[in-house]
Number of protein chains: 2
Amino acid sequence: MNERQLQILRELGELGSVTATAEALLMTPSAVSQQLRLLQRAIPVPLTERDGRRLVLTEAGQALAAAAIEVETALSRARQTIDDFAGLPDARVSMAAFHSAAAAFFPLLLTAGGAGRPRLSFADEDVAQDRFPRLTREYDLVLAHRLEQAPPWPTTVTAVTLMREPLDVALPAGHPLAAKRRLTPRDVAGEPWITVHDGFPVMAVIDALSAAANRRLELVHRINEFTVAADVVAAGGGLALMPRWTTRPHPALVLRPLSGVHARRHVDVLHRPERAARRAVRTVLSELRRAALAIQGRGPAVEGG
Amino acid sequence: MNERQLQILRELGELGSVTATAEALLMTPSAVSQQLRLLQRAIPVPLTERDGRRLVLTEAGQALAAAAIEVETALSRARQTIDDFAGLPDARVSMAAFHSAAAAFFPLLLTAGGAGRPRLSFADEDVAQDRFPRLTREYDLVLAHRLEQAPPWPTTVTAVTLMREPLDVALPAGHPLAAKRRLTPRDVAGEPWITVHDGFPVMAVIDALSAAANRRLELVHRINEFTVAADVVAAGGGLALMPRWTTRPHPALVLRPLSGVHARRHVDVLHRPERAARRAVRTVLSELRRAALAIQGRGPAVEGG
DNA sequence: ATCGACCCTGAAGCATCCCTACACTGTCGC
DNA sequence: GCGACAGTGTAGGGATGCTTCAGGGTCGAT
């Protein structure tokens, strides 16, 4: 049982297939298979089992994969130890975020001053909810969002909630419903709607809205990008759900809180546990928390939720 | 930087020479040297430096060696994880103790019942104080003793104090001084003494006694083994310091507490940090703590200290 | 100062390990 | 039932890690 084999087992647990593991670790499936066999030879309980043509971890395999995370974390800490002595200031932290969080957080992180700060590499990644965790393989930190009632992130990643952000109804300033301070599902169920694509986090609220009003909603447009959606709402294309804080207010729109349905999303930062062994990563994590507070404080004063 | 190289670095830090490291790891000094060179190649700060003809760790090397302990601990935990699944009840725990602790603790540990308990392998090892830590390489647990005022154990081993045991003056029941409830340095400084060999923990109390009485003590016999010393005391060979709880009371002797000097030893259990990852080792550790309480409770009723 | 003992390091050689390439078997979906 | 896909075995090659042996630096005793 060596570190390499444990790493392979861990990836297999997270990715669920030998081929994907091989791809992630830049090796051939055959090599993965062989290392798994060697690992198994040293261990008296089965670590893997076939599931159709796939290979998955047994319960024991999952337990060992969890232990493998500790091993990698310890090794990362060792590397950080020597970086501390080398005093390398060129630490780079890579970070991905979905669009609205990227727009809200990235500028704040850039202006956060201080000498010797880690240098940041940003990337925007708008993916379906279940794809966020595996982005942590490519980026040190991943800003992800999920609805409050959605299933939690897998335990293979560490997740910290940065904010619990209400989702409001965006409508043109001149719209009749704009006169009300808050909107009920029955208020809005008859309107045409602009929603995200299927599988994206906000979608479940639309379903809940439909259920609360006991009526099928008319989904006219499917637009993931909130700024695009905002422009379409302003042009009279329909109503849309918009995060209260992380999108810049559109001059021609107003936001109204929803009552009667749970319309709130978590903005979380995800990372593989061992990444937090790096001091630079921890620094950025705490800057993120500070930025989240700033974003909530400055938001347009719409209360409720 | 792999696990093996970190292990070698750690041993070098603890043993202080390439040759000793090679011996401990069952390899040749040349192999150790080569692995250290490979490790160094990956790291931008010097990890080792020459000290005469010896090779020792730099500060950075010591820090990395400490991190190496975490790596080994994580690997040990991984092994324990699979043992948990395998449900192996045949866990063996090896344990060494200096003589008096061995006599006091080993029987209690044997009678500690319970099904599926770890099986114990005992060994007695009476070594000079500075040799105790390296016994942890050979045994899972090492019972060691040191005087309260002595330097603490090195940080490379984990130490838990089981008891702080007073050292009393043993004297024949018919001795004139036996009439006193407690003895001062001046009371005993004129008597002939039986002491342990140089370098053994109790010796420092003799020195303190000498200093407190401002007088050179007459050291007649050098006997490490307390039961032997007890018999010699009974035969009128002189006075001796005896631990209050861990030696069986001799029928012809009485113990009298000393005042005026700090005469108390710690009975500690030492182990390499990663050994505690094993459940069986933790079980025995807690049994040791319970045994220590029992030993103190049952001791002959001599109060003071 | 010199010699021998000791300690570390380097070169050569060998066994082992780990990977790729390729062929094969089993499984799923159309 | 066929093609696509997933995993596994074998052969072979390069890298790795060790031992052996030789050499150079350091310490202590004579």
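Lettering follows sequence order; numbering is per chain, from 1.
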Check your understanding: What's the shortest heavy-atom distance between B/R92 and B/R278, and which atoms?
Key -> O-NH2, 2.7 Å
Check your understanding: Per the end-axis method with five pairs at each terminus, what is the bend angle of the helix from C/dA1-D/dT30 to C/dC30-D/dG1, to 10°?
Key -> 30°
**Study point:** Pair A/H145-A/F132, ring pair (Phe, Tyr, Trp, His ring centres under 6.0 Å): steps then yes or no
**Key:** CA-CA 9 Å; A/H145 52 152; A/F132 277 118; 5.6 Å; yes
Check your understanding: Is the backbone N or O of A/S94 less than 3.5 Å from a side-chain atom of A/D140, with the two atoms forming a donor-acceptor pair by type?
Key -> yes
Exercise for review: Summarise how protein sits on nucleotides 17-30 of chain D as a single string, 5' to 3': B when a protein heavy atom is under 4.0 Å from the base, S for sugar-phosphate-only contact, - for no contact.
Suggested key: SBBB-----BS---
Review point. Does the side chain of B/R134 reach to within under 4.5 Å of the side chain of B/E14, using non-hydrogen atoms?
Key: no
Practice item. Could you tell me whether B/R137 and B/E23 have a side-chain N and a carboxylate O separated by less than 4.0 Å? Key: no
Review point. Whole-Å distance between D/dG7 P and A/L39 CG?
Key: 17 Å
Point to revise | Any residue of residues 54-72 of chain B with a heavy atom less than 4.0 Å from an atom of DNA chain D | key: none
Study note, to complete from the structure: What one should report as the nearest heavy-atom pair of B/T81 and A/A63 is CG2-CB, 3.5 Å
**Study point:** Lys/Arg N to Asp/Glu carboxylate O, A/R265 vs A/E148, below 4.0 Å
**Key:** no
**Study point:** Expected output: side-chain B/R222 to main-chain B/I194 donor-acceptor under 3.5 Å
**Key:** no
Check your understanding: Does the distance from a Lys or Arg side-chain N to an Asp or Glu carboxylate O, for B/D83 and B/R279, drop under 4.0 Å?
Key -> no
**Study point:** Qualifying salt bridge (charged side-chain N to carboxylate O under 4.0 Å, His left out) pairs with a residue from residues 47-59 of chain B, counting only residues at least two apart or across chains
**Key:** none
Exercise for review: Residues of residues 11-24 of chain B with any non-hydrogen atom less than 4.0 angstrom from an atom of DNA chain D: list those, numerically ordered, please.
Suggested key: none
Practice item. Evaluate the side-chain proximity of A/F122 to A/M95: yes if any heavy-atom separation is below 4.5 Å, no if none is. Key: yes
Check your understanding: Should B/R10 and B/Q7 be marked as a side-chain hydrogen bond (donor to acceptor under 3.5 Å, both in side chains) after you check the CA-CA gap, both sets of side-chain angles, and the distance that decides it?
Key -> CA-CA 5 Å; B/R10 174 191 180 186; B/Q7 183 188 24; over 6 Å; no
Practice item. May I have the distance from A/Q40 (atom CD) to D/dT8 (atom P), rounded to whole angstrom? Key: 11 Å
**Study point:** Distance in Å, A/E274 CD paired with A/R79 CZ, rounded so as to fall on 0.5 Å steps
**Key:** 9.0 Å
Check your understanding: So which one's nearest nucleotide on DNA chain C is more toward 5', B/S33 or A/R41?
Key -> B/S33
Check your understanding: Side chains of A/H266 and A/L147: does their closest heavy-atom pair fall under 4.5 Å?
Key -> no
Review point. Salt-bridged, A/E125 to A/R131, with N to O below 4.0 Å?
Key: no
Review point. What is the 5' to 3' range of DNA chain C, first to last nucleotide, that sits under 4.0 Å from any heavy atom of chain A?
Key: C/dC18 to C/dC28
